[in-house]
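In what follows, a structure is listed as structure tokens, so that the remarks can point back to it.
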Amino acid sequence: MPFAVFGMLLGIAGAIALFTSRSWLRCLAAQGVVYLGVFLVLLEQSAAGSNPAELAAIRLVGGWMALAVLGATSSRGARETVEEDAGFIFRIFLFCLIFLVSWSISGGTMQWIPGAAYEGAVTGALLLFCGLIRTGLVRGPMQVVLSLLSAFSGFELLFSAIDASALMAAMLAVSNLGLAMVGAYLGTHIDPAGIENTG
């Protein structure tokens, strides 16, 4: 099985787990799987004149470092937070709609971005839409930041077909790490209910 196909399957599986999971640790693990899937897709998709393995490794290491920052600084309450069951069926239904939209526009995405492969177009659009929509379904700064990281991973996957320079990949990795630091700071000062934690 080609790396890109296996990476697409990992990206879809990670997106499903992240979009529907109720546990903070499971969400972190799901995003880690997403980064691994993006890594495998990038091994076979990049702009002309670039080194796919180098760029994919930069994005994988940068993403996992961002997750390490969130995981290391999350409070015990955040690790044990489990959302209510209400809305789980709605999330499954909403994810199916997002997947259908992502799959249907993949052909147009490959026309807009000539260097994008089919696996990259489907996975990138899916992660981008899931991450953006998930920001409105979760509560707490760290969960919102995790949703934004998921959306960024989809954007990076699509953008790599346009500009795959090592400098741009490093800048995107630094931006992910900076976003994770902001989320870690807010997570230590604001609880999931949005109340400032002064203790």
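Here, residue 1 is the first one in the sequence, and each next residue gets the next number. What you are looking at is a predicted structure, and each value in this text was computed from that prediction instead of being measured.
In the hydrophobic clustering of ILVMFWY residues, with side-chain heavy atoms under 4.5 Å counting as a link, Phe3 and Leu10 come out together. Transitive grouping of hydrophobic side chains (ILVMFWY, heavy atoms separated by less than 4.5 Å) keeps Ile58 and Val41 in distinct clusters.
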Pair Met142-Leu186, side chain to side chain contact (heavy atoms under 4.5 Å, CB included): steps then yes or no = CA-CA 7 Å; Met142 301 189 76; Leu186 294 177; over 6 Å; no
Apply side chain to side chain contact (heavy atoms under 4.5 Å, CB included) to Val182 and Val145, showing your working.
-> CA-CA 8 Å; Val182 171; Val145 167; 5.6 Å; no
Checking side chain to side chain contact (heavy atoms under 4.5 Å, CB included) for the pair Leu179/Phe152: CA distance, chi angles, key distance, verdict?
-> CA-CA 10 Å; Leu179 180 61; Phe152 278 6; 3.9 Å; yes
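Taking CZ of Phe95 as the reference point, atom CD1 of Ile16 lies at 4.0 Å (rounded to 0.5 Å). Rounding to the nearest 0.5 Å gives a distance of 9.5 Å between CD1 of Ile98 and CG of Leu132. Taking CG of Leu146 as the start and CG of Leu148 as the end, the distance is 9.0 Å to the nearest 0.5 Å. Put simply, CG on Leu28 and OG on Ser23 are 8.5 Å apart, with the number rounded to the nearest 0.5 Å. In this structure, Ser153 OG and Leu42 CG are separated by 10.0 Å, a value rounded to the nearest 0.5 Å. Distance check: Glu119 CD to Leu9 CG gives 9.5 Å after rounding to the nearest 0.5 Å.
You'll find the side chain of Val101 reaches within 4.5 Å of the side chain of Phe129, heavy atoms only. Looking at Val38 and Leu60, their side chains never come closer than 4.5 Å, going by heavy atoms from C-beta outward.
Other residues sharing a hydrophobic cluster with Val61 under the 4.5 Å side-chain heavy-atom criterion for ILVMFWY residues are Met65, Val69, Leu177, Met181.
With sequence neighbours excluded, no residue forms a side-chain contact (heavy atoms from CB on, under 4.5 Å) with Ala29. In this structure Met171 satisfies the side-chain contact (heavy atoms from CB on, under 4.5 Å) test together with Leu167, sequence neighbours excluded. Residues forming a side-chain contact (heavy atoms from CB on, under 4.5 Å) with Phe90 (at least two apart in sequence, or on another chain): Leu94, Leu137.
Listed by first and then second residue, the side chain to side chain donor-acceptor pair (under 3.5 Å) pairs involving residues 166-184 are Glu156-Asn176 (not counting sequence neighbours). Note on residues 28-41: no pairs pass side chain to side chain donor-acceptor pair (under 3.5 Å), not counting sequence neighbours.
Side-chain contact annotation: Ser147 with Arg134, donor-acceptor N/O pair under 3.5 Å present.
In terms of heavy-atom proximity, Ala17 sits nearest to Ala30 at CB-CB, 3.7 Å. Taking both residues in full, the closest heavy atoms of Thr73 and Ala184 are given as OG1-CB, 2.9 Å, listed atom of the first, atom of the second, then distance. Taking all atoms of both residues into account, the shortest heavy-atom contact from Tyr118 to Ser106 is CE1-OG, 3.5 Å. Nearest heavy-atom pair across Ala180 and Leu70 is O-CD2, 3.5 Å. Here the closest non-hydrogen pair linking Gly120 and Leu157 is O-CD2, 3.7 Å. Scanning all heavy atoms of the two residues, the minimum distance from Ala15 to Val34 falls at N-CG2, 3.8 Å.
The one candidate from Leu126, Ile133, Ile92 that meets the side-chain contact (heavy atoms from CB on, under 4.5 Å) condition with Phe19 is Ile133.
Between the side chain of Trp64 and the main chain of Gly32, a donor-acceptor pair closer than 3.5 Å is present. The backbone N or O of Leu18 lies less than 3.5 Å from no partner atom in the side chain of Ser21, so there is not a single donor-acceptor pair.
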